[in-house]
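Report on one structure; see the data block that follows.
Chain letters run A, B, ... following the sequence lines, proteins first and then strands; every chain starts at 1. None of the values given here were measured: they were computed from a predicted structure.
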Amino acid sequence: MLKATSVKDALRAAAPAPEILVNGWVRTRRDSKAFSFIELNDGSSLKNLQVIADATLPGYAELMPQITTGAALAVTGELVASKGQGQTWEVKASELTVVGKADATYPLQKKGHSMEFLREIAHLRPRANLFGAVFRVRSRLAYAVHQFYQDRGFVYVHTPLITASDCEGAGELFRVSTLDPLNPPKTEDGAVDYGQDFFARPTYLTVSGQLEAEVFACAMGKVYTFGPTFRAENSNTSRHASEFWMIEPEMAFTDLVGNMDLAEEFVKYLIADVREHCADDLALFGKFVDKGLDERLAFVLERPFQRVSYTEAIAIIEASGKAWEHPVKWGDNLQSEHERYLAEEHCKCPVTVYNYPKEIKPFYMRLNDDQKTVTAMDVLVPGIGEIVGGSQREERLDVLEANMERHGLSKADYGWYLDLRRYGSVPHAGFGLGFERMLMFVTGMANIRDVIPFARTPGNAAF
RNA sequence: UGCUCGGUAGCUCAGUGGCAGAGCAGGUGACUGUUAAUCACUUGGUCGGUGGUUCGAAUCCGCCCCGGGGAGCCA
């Protein structure tokens, strides 16, 4: 049997071919009296392959009504230079097989679907041009993540998805349990006895692999994780999902500046890689999703990211003279409107904000000499906001213990984490980059639910 | 979770107290190396659900469900 050629390969052929086999799904069909044009797509590229089905084909009259939008086809024929405008190559079919029919109820049409409607048919939307493009870019972006770190000598670490610790001391967790919810074992005082649960303790889906990544950074120097993460927050926004992917590099012998350097280099690398390898798909986003996309990506690549300390950021916001919905003073969290102002109006490019007040940041961030701020850093990008959050970690045992006490955390639960500071402790730093938020940034897609194959959000786990 | 805007044909939407509509998709026919093809005709409705106001409700009011936007939490 003839080995199949992808649409992508057929379209970039160097020469005609006497016989090729192409498999795919019908995007549309246009009929002439003597022949039909069939647009075939197999997901390998944005562009379709035009198939010419001549009326003299065996079974033509019976075949044509089955060749409807959505039907799966196997086409054997000659790859020839197109006689028409608009495409270089086309296939003149010698044999057409309808592998799977699609009747008139097939939901995808040739034009104009809303993102909301496509979200409801998440099992079919990868067949739409836009979503094919999104998920090809997603695949390439994931590859580029690994390439970036592997090229730089980072070791890929698989941190656990099931955890007994709430890594960040914040955020709500999904409980993992095999206890009977209707009749759980109880302790003498009436509480659920998790000692009898599967792991003999309460366990959850991880919200971050950071603490475990620190373990490996303090053994192998430079490591990264790349995997799914779970947050049971009741967040209903265009940039939050209950299940998302995150990349978390962690580096020993590295301080806050080295951390910011890596984050900025990483973001730029990903943009450059996708621009180089997904040009057709990005052009589609530039045309239909975000007219200014290419210009903005080019701009981000050309310029160094701005860096402002939290204290400077507060001064910038106060000096803006804007009427803020939430006025800020030193010590407050930056609101979304402030972050947007910094990235979109004041700097007009990604901006890294660092050295936040210790009161608004987690226990593991390193205390600065001013005793008031910690080495937190957030990368804010126009249109999305926070895309990276990280810090230099507190490597001094006594200071870390004091921080934990201040945050009301039990030292006993973090014995292994404290051990890293007892034995060969070193300055180290890392961050988390939201994979989907990065994908939103490079594609211009406005909603995180549209860059995840099957999005999980509060109240929605269909498919 | 609170704020706000929506839910009308398969899809996108108009209709805002008085006969349920358009474009696209689907069907039929014509025409054409077409390419979001074109032209003519045509099928298609629990107006999100429920209760109320009214002679009369898609339209006004209450409650519920679902979706969007922005907010908080964060990546």
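- Put simply, CD1 on A:I360 is 13 Å from C1' on B:C74, counting in whole angstrom units.
- Residue A:K83 contributes atom NZ, which lies 16 Å from atom P of B:U32 at whole-angstrom precision.
- Residues A:Y224 and A:Y156 place their aromatic rings such that the two centres sit under 6.0 Å apart.
- Of all nucleotides present, only B:A30 satisfies the Watson-Crick or G-U wobble test against B:U38, with each distance under 3.5 Å.
- What separates CZ of A:F431 from C1' of B:A75 is a distance of 12 Å, to the nearest Å.
- Annotation: B:G52 and B:U4 have their P atoms spaced 27 Å apart (nearest Å).
- For the C1' atoms, the distance from B:U16 to B:G33 is 50 Å, rounded to whole Å.
- Residue pairs meeting the salt bridge (Lys or Arg N to Asp or Glu O under 4.0 Å) criterion with at least one member in residues 337-357 of chain A, sequence neighbours excluded: A:K322-A:E345.
- Nucleotides B:G7 and B:U43 are separated by 27 Å at their P atoms, to the nearest Å.
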Which atom pairs link the protein and nucleotides 41-43 of chain B when you take only N or O atoms and keep those under 3.5 Å?
none

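- Under the 4.0 Å criterion applied to side-chain N and carboxylate O atoms, A:R29 and A:D31 are assigned as salt-bridge partners.
- Going from the C1' atom of B:C31 to that of B:U38 covers 8 Å, rounded to whole Å.
- No hydrogens or angles considered: a donor-acceptor pair under 3.5 Å links the side chains of A:E248 and A:S208.
- To the nearest angstrom, P of B:C74 lies 13 Å from CE of A:M246.
- With a cut-off of 3.5 Å on both pairing distances, the Watson-Crick or G-U wobble partner of B:C13 is B:G21.
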Collect all protein-nucleotide pairs involving nucleotides 7-10 of chain B in which both atoms are nitrogen or oxygen and the distance is under 3.5 Å.
residue: B:G10; atom: N2; partner: A:Q109; partner atom: OE1; Å: 3.2
residue: B:G10; atom: N2; partner: A:Q109; partner atom: NE2; Å: 2.9
residue: B:G10; atom: N3; partner: A:Q109; partner atom: NE2; Å: 3.4

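- The ring-ring contact (aromatic ring centres under 6.0 Å, His included) search around A:H407 returns none, not counting sequence neighbours.
- Across all strands, A:I52 comes closer than 4.0 Å to base atoms (heavy-atom distances).
- Residues of residues 6-40 of chain A having a heavy atom closer than 4.0 Å to RNA chain B, listed by number: A:T28, A:R30, A:D31, A:S32, A:K33, A:F35, A:F37, A:E39.
- Between A:K358 and A:E394 there is no salt bridge, since no side-chain N of the basic residue sits under 4.0 Å from a carboxylate O of the acidic one.
- B:U1 atom C1' lies 10 Å from atom CD of A:E172, rounded to whole Å.
- Across all strands, A:I247 comes closer than 4.0 Å to no nucleic acid atom at all (heavy-atom distances).
- For the pair A:Q210 (side chain) and A:F431 (backbone), a donor-acceptor distance under 3.5 Å is absent.
- A heavy atom closer than 4.0 Å to some atom of RNA chain B occurs in no member of residues 132-146 of chain A.
- Within the nucleic acid shown, A:E90 comes within 4.0 Å of at least one base atom, counting heavy atoms only.
- The list of salt bridge (Lys or Arg N to Asp or Glu O under 4.0 Å) pairs with a residue in residues 37-66 of chain A, not counting sequence neighbours, reads A:R30-A:E39, A:K47-A:D280.
- Considering only residues two or more places apart in sequence or on other chains, A:F148 meets the ring-ring contact (aromatic ring centres under 6.0 Å, His included) condition with A:F266, A:Y269.
- Salt-bridge annotation for A:D450 and A:R125: present, with a side-chain N of the basic residue lying under 4.0 Å from a carboxylate O of the acidic one.
- By the 4.5 Å heavy-atom criterion applied to side chains, A:F305 and A:R307 are not counted as neighbours.
- Sequence order on RNA chain B of the closest nucleotides to A:W245 and A:G86 puts A:G86 first from the 5' end.
- In this structure, the CD1 atom of A:I387 is 9 Å from the C1' atom of B:A75, given to the nearest Å.
- Nearest to the side-chain atoms of A:S114 among the listed nucleotides B:G33, B:U12, B:A75 stands B:U12.
- One P atom belongs to B:G48, the other to B:U54, and the distance between them is 23 Å to the nearest Å.
- The nucleotide B:C60 finds its pairing partner in B:G52, both defining distances of the Watson-Crick or G-U wobble pair being shorter than 3.5 Å.
- Ring-plane geometry between A:H146 and A:F226 is classed as tilted, the angle between the planes lying from 30 to 60 degrees on a 0 to 90 degree scale.
- The aromatic rings of A:Y417 and A:F363 stand perpendicular to each other, their planes meeting at an angle above 60°, with 30° marking the opposite boundary.
- Annotation: B:G17 and B:C13 have their P atoms spaced 23 Å apart (nearest Å).
- The same atom, C1', is picked in B:C39 and in B:G56; the two are 42 Å apart, to the nearest Å.
- On the P atoms, B:C63 is 42 Å away from B:A25, given to the nearest whole Å.
- For the pair A:K329 and A:E318, the salt-bridge criterion is not met [side-chain N within less than 4.0 Å of a carboxylate O].
- Taking a pair to require two hydrogen-bonding distances under 3.5 Å in either a Watson-Crick or a G-U wobble arrangement, B:G44 remains unpaired.
- Contacts classified as side-chain hydrogen bond (donor to acceptor under 3.5 Å, both in side chains) and involving residues 453-463 of chain A (residues at least two apart or in different chains) are not found.
- Under the stacking definition used here (centres under 5.5 Å, planes under 30°), the residue A:F435 fails to qualify as stacked on the base of B:A75.
- Applying the ring-ring contact (aromatic ring centres under 6.0 Å, His included) rule to A:F35 yields the partners A:F37; only residues at least two apart in sequence or on another chain are considered.
- Judged as a side-chain hydrogen bond (donor to acceptor under 3.5 Å, both in side chains), the pairs with a partner in residues 283-292 of chain A (not counting sequence neighbours) are, in order, A:D290-A:R296.
- Between A:H113 atom NE2 and B:C24 atom P the separation is 15 Å, expressed in whole Å.
- Taking 4.0 Å as the cut-off between side-chain N and carboxylate O, A:D378 and A:K361 count as a salt-bridged pair.
- By the rule that a glycosidic angle within 90° of 0 means syn, B:U32 does not qualify and counts as anti.
- Remark: the backbone N or O of A:L270 is not paired with any side-chain donor or acceptor of A:D273 at under 3.5 angstrom.
- One atom, CZ of A:R456, and another, C1' of B:A75, lie 19 Å apart when rounded to the nearest Å.
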Letter per nucleotide, 5' to 3', of nucleotides 64-71 of chain B [B base touched, S only sugar-phosphate touched, - untouched; heavy atoms, 4.0 Å]: ---SSSBB

